[in-house]
Trainee: 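My questions all concern the structure below.
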Amino acid sequence: MDKNMLAALEGLPEEDKARMSAMIDHLQLRDSLRMYNSLVERCFTDCIDNFTRKTLQKQEETCVTRCAEKFLKHSMRVGMRFAELNSQAATQD
């Protein structure tokens, strides 16, 4: 949990802080798992089309690697942009 979230909880009683902290941690974990599942599903659907072997073919492996890299770069960029917009909105208030 980042410092901004902790600062927002300062006025709450300790029991509520602990409950909110646990809830935020749970939501962050859920979002991370959703992102991972989305990555796996998308790259599998786009790259894997041959089920005659136990291992990936070189072409499939390269596709999965590129797909995962693009997905993660995109997710990082979206997160950075969201943080930029969030900080701009905070400074305007």
Trainee: What about Leu27 and Met20, same hydrophobic cluster or not, with Ile/Leu/Val/Met/Phe/Trp/Tyr joined at side-chain heavy-atom distances under 4.5 Å?
Mentor: yes

Trainee: Determine if the SG-SG distance between Cys47 and Cys63 falls under 2.5 Å.
Mentor: yes

Trainee: Test of understanding: with salt bridge (charged side-chain N to carboxylate O under 4.0 Å, His left out), list the residues that count as partners of Arg66, not counting sequence neighbours.
Mentor: none

Trainee: Quick one: pull up CZ in Arg81 and CG in Leu85 and give me the separation to the nearest 0.5 Å.
Mentor: 4.0 Å

Trainee: Please list every donor-acceptor pair under 3.5 Å in which a side-chain atom of residues 48-58 meets a protein atom from a residue at least two apart or in another chain.
Mentor:
from: Asn50; atom 1: OD1; to: Thr52; atom 2: N; distance (Å): 3.0
from: Asn50; atom 1: OD1; to: Thr52; atom 2: OG1; distance (Å): 2.7
from: Asn50; atom 1: ND2; to: Thr52; atom 2: OG1; distance (Å): 3.4

Trainee: Roughly how far, to the nearest 0.5 Å, is CG of Leu29 from CD1 of Ile24?
Mentor: 14.0 Å

Trainee: Please round to the nearest 0.5 Å and tell me the distance separating atom OG1 of Thr65 and atom CD of Glu60.
Mentor: 11.5 Å

Trainee: Are any of the side-chain nitrogens in Glu41 or Arg34 under 4.0 Å away from the carboxylate oxygens of its partner?
Mentor: no

Trainee: Say you draw a straight line from CD of Glu14 to CG of Asp16; how long is it, rounded to the nearest 0.5 Å?
Mentor: 9.5 Å

Trainee: Tell me, yes or no, whether the heavy-atom count around Glu15 atom CD, taken from other residues, nucleotides or ligands under 6.0 Å, exceeds 12.
Mentor: no

Trainee: Please round to the nearest 0.5 Å and tell me the distance separating atom OG of Ser38 and atom CG of Leu33.
Mentor: 12.5 Å

Trainee: Within this structure, what is the CD-CG distance for the pair Glu69 and Leu39, rounded to the nearest 0.5 Å?
Mentor: 11.0 Å

